[in-house]
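Working notes, beginning with the structure itself.
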Amino acid sequence: MKHVSYFDKFLTNEVDLNKTRIENLNDRVEAVSKFLKKNLDSFKKIERQGSYALRTVIRPVREGQDYDADLLLYMEYDESKKPHEYIDEVYECFKGNGTYRDIVHRHTRCVKLEYKGEIHLDIVPCITKPDGKQYICNNKTQDFEITDGTGYREWFNGKSRITDGSLKKVTRLLKFLRDHKGNFKAKSILLTTLIGRTVEDEDDADDFKNVPDGLKTVSNRINNFLQENPQRPDIFNPALPEEEFTRDWSQKNYENFREMFNIYNGRIDEAYTATEQNDSVDKWRKVFGDSFGEKKDDRRSSNSKKREASTTVPTTVAVAPWRQYAR
């Protein structure tokens with residue numbers, strides 16, 4: 001069974017960032033953007049990047065756990081600068097400010113702001129060389145690495161439009177599955193690319209007309225691709241063929257991903273085709289956990305508790321509102 005309404009509730013209550021987190025994230029990004037524009041001499045502009053730009057960020061597994069959001073920081077190109085100098089410049093800018101001094105850290109390709117218990121903002125310096133191409137900076141290898149975050153975003157958004165928007169919900173669900181099961185590995189950019197590649201330009205919205213339909217379509221197509229490729233395939237940025245996403249994905253990790261995805265794809269098919277309410281919910285829970293959906297027994301138990309509560313005679317004496325604070 002599809003349980004479209006259950007998927008909507010599950011996304012809202014368990015998967016998606018809640019309103020408070022979204023507002024907090026946007027406030028942090030706005031403050032950082034204003035600070036860099038005012039204090040970083042080589043500042044050009046700043047853009048959302050990765051899951052944050054695609055609106056596929058999900059809430060962390062545990063309450064109080066941090067989650068990542070990426071920002072692409074465009075800087076003025078200086079042919080005399082080495083890659084690490086761009087990262088150092090951004091790091092020193094934050095380090096000289098009392099607000100950011102204790103939360104800023106240097107990493108291989110970014111400067112990270114760690115708001116403990118909230119967010120990690122990964123700020124990725126990016127320059128445009130005279131050839132017109134964009135590059136990010138690797139301060140370990142001292143290489144400028146070609147990139148095209150804008151092109152990737154346009155590619156994925158185009159795929160999402162074909163599915164009438166359900167592709168982004170499916171992406172968040174599969175990222176939830178990865179994070180909560182914890183038994184297979186795939187970077188978000190790689191998983192998102194595998195998901196986007198399942199949508200063909202000639203597709204219409206029929207195979208994606210709701211979330212469970214889209215999930216089954218995407219899962220089946222990814223699994224078909226994986227099972228046809230026992231050896232780890234090379235997967236590149238669709239907007240930039242020079243950028244390989246599988247370079248750090250070992251054959252061992254790929255084989256595990258392939259095996260586990262096959263298992264969960266089978267469970268998705270079983271849940272989707274189940275015809276009885278409780279059986280179907282049980283099968284979906286094998287994929288997404290016990291917080292998914294509602295069984296008939298759950299509703300009867302809930303209604304019984306409501307009736308019991310409505311007929312129970314209070315045994316406590318009411319206390320005037322102002323007196324409960326004076327005890």
Side-chain angles (χ1 to χ4, degrees), residues 11 14-33 35-36 46-74 86-87 90-91 93-95 99-100 102-126 134 136-140 145 147-150 152-153 156-157 168-196 235 237 243 245-249 253 257:
L11 281 160
E14 303 292 335
V15 179
D16 298 344
L17 290 181
N18 57 29
K19 182 180 179 181
T20 300
R21 279 195 173 104
I22 292 172
E23 290 175 347
N24 187 40
L25 170 58
N26 290 335
D27 287 346
R28 298 291 193 193
V29 170
E30 183 179 1
V32 166
S33 299
F35 172 79
L36 289 172
I46 199 163
E47 287 184 353
R48 297 178 181 184
Q49 180 81 342
S51 301
Y52 184 32
L54 298 177
R55 301 184 186 277
T56 58
V57 178
I58 63 172
R59 69 180 64 183
V61 174
R62 295 179 297 278
E63 193 64 33
Q65 182 181 8
D66 301 350
Y67 62 94
D68 292 336
D70 298 336
L71 299 172
L72 199 62
L73 171 61
Y74 291 88
Y86 290 95
I87 292 177
V90 179
Y91 174 79
C93 183
F94 283 119
K95 198 67 176 175
T99 300
Y100 301 109
D102 295 330
I103 65 170
V104 63
H105 305 276
R106 261 179 296 224
H107 288 261
T108 303
R109 298 177 180 87
C110 72
V111 172
K112 185 184 293 287
L113 296 178
E114 296 188 9
Y115 301 91
K116 293 294 185 182
E118 297 181 31
I119 312 160
H120 288 170
L121 281 184
D122 291 344
I123 301 163
V124 183
C126 178
Q134 298 169 355
I136 59 175
C137 310
N138 188 317
N139 68 8
K140 286 188 177 179
E145 300 174 345
T147 190
D148 187 0
T150 301
Y152 184 89
R153 184 171 65 249
F156 189 80
N157 284 339
K168 295 191 178 186
K169 295 178 181 180
V170 170
T171 302
R172 297 199 294 271
L173 283 168
L174 290 177
K175 289 172 67 174
F176 176 93
L177 176 65
R178 175 199 63 186
D179 291 355
H180 282 257
K181 294 299 182 181
N183 52 17
F184 63 87
K185 295 179 180 179
K187 289 183 178 180
S188 290
I189 187 68
L190 178 55
L191 182 58
T192 302
T193 304
L194 284 170
I195 292 167
I235 297 173
N237 183 341
E243 186 175 19
F245 290 152
T246 46
R247 61 181 179 267
D248 299 322
W249 209 20
N253 284 341
F257 175 82

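A donor-acceptor contact shorter than 3.5 Å links the side chain of Asn139 to the backbone of His107. Under the 3.5 Å distance criterion, the side-chain polar atoms of Arg172 are matched with a main-chain donor or acceptor of Arg55. Formation of a donor-acceptor pair under 3.5 Å by the Asn24 side chain with backbone atoms of Thr20 is not found in this model. A side-chain donor-acceptor contact under 3.5 Å links Thr246 to the backbone of Ile235. With Arg59 contributing its side chain and Asp16 its backbone, the two residues share a donor-acceptor pair below 3.5 Å. With hydrogens and angles ignored, the 3.5 Å screen pairs a side-chain donor or acceptor of Lys168 with a backbone N or O of Leu54.
Minimum heavy-atom separation, His105 to Ile103: CD2-O, 3.4 Å. Ser51 approaches Ser188 most closely through the heavy-atom pair OG-CB, 4.2 Å. Across Tyr74 and Glu47, no two heavy atoms sit closer than the pair OH-OE1, 3.4 Å. Across every non-hydrogen atom of Thr108 and Ile87, the tightest pair is O-CD1, 3.4 Å. The shortest non-hydrogen separation linking Pro60 to Gln65 is CG-O, 3.1 Å. The shortest non-hydrogen separation linking Asp66 to Gly117 is OD1-N, 2.6 Å.
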Derivation and outcome, side chain to side chain contact (heavy atoms under 4.5 Å, CB included), residues Leu72 and Ile136: CA-CA 9 Å; Leu72 199 62; Ile136 59 175; 4.2 Å; yes

Does the pair Tyr52 and Asn26 meet the rule for a side chain to side chain contact (heavy atoms under 4.5 Å, CB included), with working shown? CA-CA 10 Å; Tyr52 184 32; Asn26 290 335; 2.8 Å; yes

For the pair Asp68 and Lys112, evaluate side chain to side chain contact (heavy atoms under 4.5 Å, CB included) and give the outcome as yes or no after the intermediate values. CA-CA 10 Å; Asp68 292 336; Lys112 185 184 293 287; 4.3 Å; yes

Check the pair Asp27 / Leu25 against side chain to side chain contact (heavy atoms under 4.5 Å, CB included), numbers first and verdict last. CA-CA 5 Å; Asp27 287 346; Leu25 170 58; over 6 Å; no

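Proximity of Leu190 to Phe245: side-chain heavy atoms (C-beta onward) are separated by under 4.5 Å at one or more points. Side-chain contact check for Phe184 versus Arg178: some heavy-atom pair is nearer than 4.5 Å. Counting heavy atoms from C-beta on, the side chains of Arg28 and Leu121 come closer than 4.5 Å. At least one side-chain heavy atom of Ile119 sits under 4.5 Å from a side-chain heavy atom of Tyr67.
With a 6.0 Å radius and a threshold of 12 heavy atoms from other residues, nucleotides or ligands, Lys187 has its NZ atom at or below the threshold. The local environment of CZ in Arg247 is crowded, with over 12 non-hydrogen atoms from other residues, nucleotides or ligands closer than 6.0 Å.
One distance of note links CD of Glu23 with CG of Asn18; it measures 9.0 Å at 0.5 Å rounding. Atom CG of Leu73 sits about 11.5 Å away from atom SG of Cys110, to the nearest 0.5 Å. Note: Thr193 OG1 to Glu243 CD = 9.0 Å, rounded to the nearest 0.5 Å. To the nearest 0.5 angstrom, Glu114 atom CD is 11.5 Å from Asp102 atom CG. Separating the OH atom in Tyr100 from the OH atom in Tyr91 is a distance of 15.5 Å, to the nearest 0.5 Å. In this structure, CZ on Phe176 lies 7.5 Å from CD1 on Ile58, to the nearest 0.5 angstrom.
A parallel orientation is assigned to the rings of Tyr152 and Phe156, their planes being inclined by less than 30° (bins at 30° and 60°). Between Phe94 and Phe35, the ring planes are parallel. Angles under 30° get that label, and only those over 60° would be called perpendicular.
Of the residues listed (Val170, Ile195, Leu191), the one engaging Lys175 in a side chain to side chain contact (heavy atoms under 4.5 Å, CB included) is Leu191, and it is the only one.
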